[in-house]
Every structure is written in structure tokens, then in C-alpha cells.
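Take a look at the structure below.
Just so you know, these numbers use all the heavy atoms, side chains as well, and skip hydrogens, waters and symmetry mates. Start at 1 with the first residue, then count along the sequence. Since the structure is predicted, the reported quantities are computational estimates derived from the model, not experimental observations.
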Amino acid sequence: MKGSDRLALVAAFVFSFFAVGVPYWRIPYSQASLPSSLYGAGLVVLLIVAAGCRVFGRTGFWPTLLVVGSSVPCMILARVAYETNADPTSHNLWPFEVVIAAFVGCSVSFVGSLLGGILKPMVRT
């Protein structure tokens, strides 16, 4: 994988991280419920970003799936780290939160990566 492909995956990760994270971080922890709190425009962005990496970049299926999909559990870990710093008793079930987020993120990234792979031959780059 070339440097430009790695840069594209890093940009896709960061963009997906904030697209899913910002709406989720605004929900008070007492009202957040996984996975339903993750559903929304952020996951649509994640799907489009994963497909875009495959269509317009030279990233492979697995790197795209794993890097873009891992943005969701990393976003959960960022919230857990921030909130447990203020109150160590919050997020006592954080491993389950991370597993649920990983499943959601990788599922959406799988669909986006697959769709991008299908569309790639149809798009001239």
C-alpha cells in the first residue's frame, strides 16, 4: 500500500470518527443506549467514506473495512476515557459498549467497502 493510500485511510478514519462521534457525544450518558444511539447520519457518512476509499483510492477491502470500521469503537473509547476521568464509577460496562460499537462500525464499513468494490470498475478515476 502506497503512502497516499495510507493517508486516505487516516483521513477516512478521522472523518468517520467525528461524523459518528459528535452526535453521540452530545447525548447525555444516562440517555445513551447502544446501538440505537449510534444510528443516524454519522453511519451514513461512514458507509460513504468506506465506499469512497474503495472507489477513488487504491485501498483494499480488508484495510478499508478494518480502519474505517474501527472509528466507531475508538469514538466510544474516547468518551469512556473522558467520562471515567471525571467519574470513575461511570461506564462500568464499557467493554460491552466497545464490542457493540465494533459490530455496528464494522457492519456498516463492510457494506461500504463491498459497495465501493462493486462500483470501482464502473467509475473512471
Side-chain angles (χ1 to χ4, degrees):
M1 187 179 308
K2 296 189 312 191
S4 61
D5 298 334
R6 289 184 182 134
L7 182 61
L9 284 176
V10 169
F13 175 88
V14 171
F15 194 72
S16 299
F17 180 88
F18 286 108
V20 177
V22 170
Y24 179 71
W25 294 330
R26 291 183 177 188
I27 301 170
Y29 181 64
S30 60
Q31 296 175 1
S33 173
L34 290 178
S36 60
S37 295
L38 295 174
Y39 299 150
L43 290 181
V44 174
V45 169
L46 190 137
L47 184 132
I48 292 169
V49 166
C53 282
R54 295 278 289 138
V55 170
F56 301 111
R58 298 185 193 274
T59 59
F61 176 80
W62 288 107
T64 303
L65 168 72
L66 295 174
V67 171
V68 176
S70 69
S71 64
V72 180
C74 288
M75 175 272 304
I76 295 290
L77 282 173
R79 180 175 182 159
V80 168
Y82 178 78
E83 290 179 353
T84 55
N85 188 34
D87 180 15
T89 60
S90 67
H91 294 282
N92 55 354
L93 297 174
W94 68 267
F96 295 109
E97 295 177 48
V98 172
V99 169
I100 291 168
F103 180 76
V104 170
C106 287
S107 297
V108 174
S109 183
F110 174 81
V111 172
S113 298
L114 192 63
L115 184 63
I118 292 169
L119 294 176
K120 186 173 181 113
M122 298 176 204
V123 176
R124 291 185 179 168
T125 54

Problem set entry | Modelled atom types, side-chain donor and acceptor of Thr64 and Ser113, under 3.5 Å | no
Seminar exercise, completed: Value for CZ (Arg54) from CG (Leu65), rounded to nearest 0.5 Å, stands at 10.0 Å
For this session: Identify, with sequence neighbours excluded, every residue that meets side chain to side chain contact (heavy atoms under 4.5 Å, CB included) alongside Leu119.
Result: Val55, Leu115, Met122
Exercise. Taking atom CZ of Arg58 and atom SG of Cys53, what is their separation to the nearest 0.5 Å?
Worked result: 13.5 Å
For this session: Drop me the distance from Met75's CE to Leu38's CG, to the nearest 0.5 angstrom.
Result: 5.0 Å
For this session: Search all heavy atoms of Phe18 against all heavy atoms of Pro23 and return the closest pair with its distance.
Result: O-CD, 4.1 Å
Exercise. After noting the C-alpha distance and the side-chain angles of Ile48 and Val44, does the key distance pass the side chain to side chain contact (heavy atoms under 4.5 Å, CB included) rule?
Worked result: CA-CA 6 Å; Ile48 292 169; Val44 174; 3.9 Å; yes
Problem set entry | Any residue meeting side chain to side chain contact (heavy atoms under 4.5 Å, CB included) with Ser36, in chain and number order, not counting sequence neighbours | Ser33, Tyr39
Exercise. Under 4.5 Å between side-chain heavy atoms, hopping through other hydrophobics if needed: is there a path connecting Val111 to Leu46?
Worked result: yes
For this session: Determine, stepwise, if the pair Val68 / Phe13 fulfils side chain to side chain contact (heavy atoms under 4.5 Å, CB included).
Result: CA-CA 5 Å; Val68 176; Phe13 175 88; 6.0 Å; no
Exercise. For the hydrophobic clusters of this structure (ILVMFWY residues joined by side-chain heavy atoms under 4.5 Å, transitively), does one cluster hold both Leu7 and Val14?
Worked result: no
For this session: Look up atom CH2 in Trp25 and atom OG in Ser37, then write down how far apart they are to the nearest 0.5 Å.
Result: 14.5 Å
Exercise. Relative to Tyr29, does Arg79 satisfy both conditions: NZ or CZ under 6.0 angstrom from the six-membered ring centre, and within 45 degrees of the ring's axis?
Worked result: no
Exercise. Can you list the steps and then say if Tyr82 with Asn85 is a side chain to side chain contact (heavy atoms under 4.5 Å, CB included)?
Worked result: CA-CA 5 Å; Tyr82 178 78; Asn85 188 34; 6.0 Å; no
Exercise. Run the side chain to side chain contact (heavy atoms under 4.5 Å, CB included) check on Ile100 and Ile76 step by step: do they pass?
Worked result: CA-CA 10 Å; Ile100 291 168; Ile76 295 290; over 6 Å; no
Seminar exercise, completed: Value for OG (Ser16) from CG (Leu9), rounded to nearest 0.5 Å, stands at 10.5 Å
Exercise. Are Leu93 and Val72 linked, directly or through other ILVMFWY residues, by side chains that come within less than 4.5 angstrom of each other?
Worked result: no
Problem set entry | Closest approach of Ala81 to Thr84 (non-hydrogen atoms, all atoms of both residues) | O-OG1, 3.5 Å
Exercise. Considering residues, nucleotides and ligands other than Phe103, do more than 12 of their heavy atoms fall under 6.0 Å from its CZ?
Worked result: no
Exercise. How close do Leu114 and Phe61 get, heavy atom to heavy atom, and via which atoms?
Worked result: N-CE1, 3.8 Å
Exercise. Given the rule that I, L, V, M, F, W and Y join up when any side-chain heavy atoms are under 4.5 Å apart, are Phe17 and Val22 in one cluster?
Worked result: yes
Exercise. Between CZ of Phe96 and CH2 of Trp94, what distance do you get to the nearest 0.5 Å?
Worked result: 11.0 Å
